[in-house]
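In what follows, a single structure is set out as structure tokens and then discussed.
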Amino acid sequence: MNNTFRFSLYTTQKISESEMAKTLWKNLMQPPVTAQYFDSVEDARIPFTREAFSQAAEIYLEEGILFVTASRNKFLASFSRQTERLSTWNFFVPLKAMTGGKSKFWLQWFTNLCSEIPVVFGFGCSTTEYNAKHETIRNLPSGGRVIGWSGVAVREFSHYLPGFYWLNIFGSDLVQTFNLENLARLPNVKIMSLNSGQVAVQLNEPIVSINMDNRLLVERRLAQQIGEEYFFDREKSNSDYKQIPQIKKLFE
């Protein structure tokens, strides 16, 4: 999905539980999202209504996946059960929605969601930045190529965080792990406290850098300030990483 901005969350919250589905539904009903459809497939066709959260919870319980869309603003959300204790939630909006005056509304919506639904870790960035961090391309002898991704699989999440991004959400356990005060003193970083002991860290830079190599260098240096051994970096080897105890427990 080119020319998009993505918000991604790793969470222990379960949409199959009615109260959690209801809370999520309430947030998806609000602008700027104003969801229209949901289903277990991306081409969702079930009308999104106030009372439909119970049906969504049943779909998620049976399928382990749920999509929510809003065609009016090209919004797409996907919710996937990865393990018994961990799920991934991804939200996609057009990049232009994050580079104009509406960006503050989307950021506010996302941080409000995290305040109401505690997460383990979350991030937000353009697909350009995401691809620069994680996309791998392998050329085939036949002349074709295979595109893959590194650093973002759930099995990898058990060993390290996927990276440091334009926007980062640290759950309460990670706030205790990292000394985020080291970042608060830097001029190009904005720190925001969220509910449930969570913290958001945002770069005071444009979402899309004119020099992506420089952006990756900036974020690599920020990770170094709080513990680079906990963050994925395609230049590292497996021996360079250190597991975060609180995340390791989710996979035991």
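The shortest non-hydrogen separation linking S40 to E63 is CB-CG, 3.8 Å. For the residue pair Q225 and L183, the shortest heavy atom distance occurs at CB-CD2, 3.7 Å. In terms of heavy atoms, P118 sits closest to S196 at CG-OG, 3.8 Å. Closest of all the heavy-atom pairs between S158 and I247 is CA-CG2, 4.2 Å. Taking each heavy atom of A200 and I169 in turn, the nearest pair found is CB-CD1, 3.6 Å. Closest of all the heavy-atom pairs between E135 and I147 is OE2-CG2, 3.5 Å.
A side-chain N or O of Q108 and one of N112 form a donor-acceptor pair less than 3.5 Å apart.
Taking 4.5 Å as the limit, every side-chain heavy atom of F75 sits out of range of all side-chain heavy atoms of P32. Between L222 and L203, the closest side-chain pair of non-hydrogen atoms falls below 4.5 Å. The side-chain heavy atoms of Q202 and L107, taken from C-beta on, include a pair separated by under 4.5 Å. With contacts defined as side-chain heavy-atom distances shorter than 4.5 Å, the pair M212/T128 qualifies. Counting only heavy atoms from C-beta outward, the side chains of Q224 and R221 approach each other to under 4.5 Å. The closest side-chain heavy-atom distance from Y230 to L174 is not below 4.5 Å. Between K14 and E84 the shortest side-chain heavy-atom distance falls below 4.5 Å. Inter-residue side-chain proximity for L95 and T127 is flagged as unmet; no heavy-atom pair is nearer than 4.5 Å.
Panel note: side chain N90, backbone S78; no donor-acceptor pair is recorded below 3.5 Å. Of the possible donor and acceptor atoms, none in the side chain of E156 sits under 3.5 Å from a partner among the backbone N and O of S150. Proximity of a side-chain donor or acceptor of R85 to a complementary backbone N or O of K249 within less than 3.5 Å is detected. With hydrogens and angles disregarded, no donor-acceptor distance shorter than 3.5 Å links the side chain of E205 to the backbone of N188.
Few gaps surround NZ on K236; more than 12 heavy atoms of other groups in view lie less than 6.0 Å from it. Counting heavy atoms of neighbouring residues, nucleotides and ligands inside a 6.0 Å radius, atom CZ of F251 exceeds 12 of them. More than 12 non-hydrogen atoms from other residues, nucleotides or ligands lie less than 6.0 angstrom from NZ of K26. The neighbour count for N204 CG, taken as heavy atoms of other residues, nucleotides or ligands under 6.0 Å away, is above 12.
The hydrophobic cluster containing V218 also contains L161, counting ILVMFWY residues as joined when their side-chain heavy atoms lie under 4.5 angstrom apart, directly or transitively. In terms of hydrophobic clustering, with Ile, Leu, Val, Met, Phe, Trp and Tyr side chains grouped at heavy-atom distances under 4.5 Å, L180 and V120 are assigned to a common cluster. Linking ILVMFWY side-chain heavy atoms closer than 4.5 Å, directly or via other members, places F105 and V33 in two distinct hydrophobic clusters. By the criterion of side-chain heavy atoms lying less than 4.5 angstrom apart, applied directly or through intervening Ile, Leu, Val, Met, Phe, Trp or Tyr residues, L217 is not grouped with F231; the two fall into different hydrophobic clusters. No single ILVMFWY cluster, assembled from side-chain heavy atoms under 4.5 Å apart, contains both F92 and V68.
Residue Y160 shares its hydrophobic cluster (ILVMFWY side chains chained together at separations under 4.5 Å) with F232, Y241.
Aromatic ring centroids of W109 and F7 lie 6.0 Å or more apart. Ring centroids of F110 and F5 are separated by 6.0 Å or more, keeping the two rings apart.
Note: Y130 and H134 have tilted aromatic rings, judged against thresholds of 30 and 60 degrees for the angle between ring planes.
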| request: Under the side chain to side chain contact (heavy atoms under 4.5 Å, CB included) rule, what do T177 and Q246 come out as? Steps first, then yes or no, please. | output: CA-CA 9 Å; T177 299; Q246 296 91 332; 3.2 Å; yes

Run the side chain to side chain contact (heavy atoms under 4.5 Å, CB included) test on S237 and D240 for me, step by step, so that the C-alpha distance in whole Å, both residues' side-chain angles and the decisive distance to 0.1 Å come before the verdict. CA-CA 6 Å; S237 62; D240 294 328; 3.3 Å; yes

Item to complete: Start with the C-alpha distance between Y165 and K133, add both sets of side-chain angles, then the distance that settles side chain to side chain contact (heavy atoms under 4.5 Å, CB included), and finish with yes or no.
Response: CA-CA 9 Å; Y165 303 82; K133 288 177 179 291; 3.4 Å; yes

Could you go step by step and tell me if L194 and T111 meet the side chain to side chain contact (heavy atoms under 4.5 Å, CB included) rule? CA-CA 7 Å; L194 308 179; T111 53; 4.0 Å; yes

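Under the ring-ring contact (aromatic ring centres under 6.0 Å, His included) rule, F91 has a single partner from F123, F79, W106, which is F79. A side chain to side chain contact (heavy atoms under 4.5 Å, CB included) with I59 is found for one member of I46, I65, I15 and no other, namely I46.
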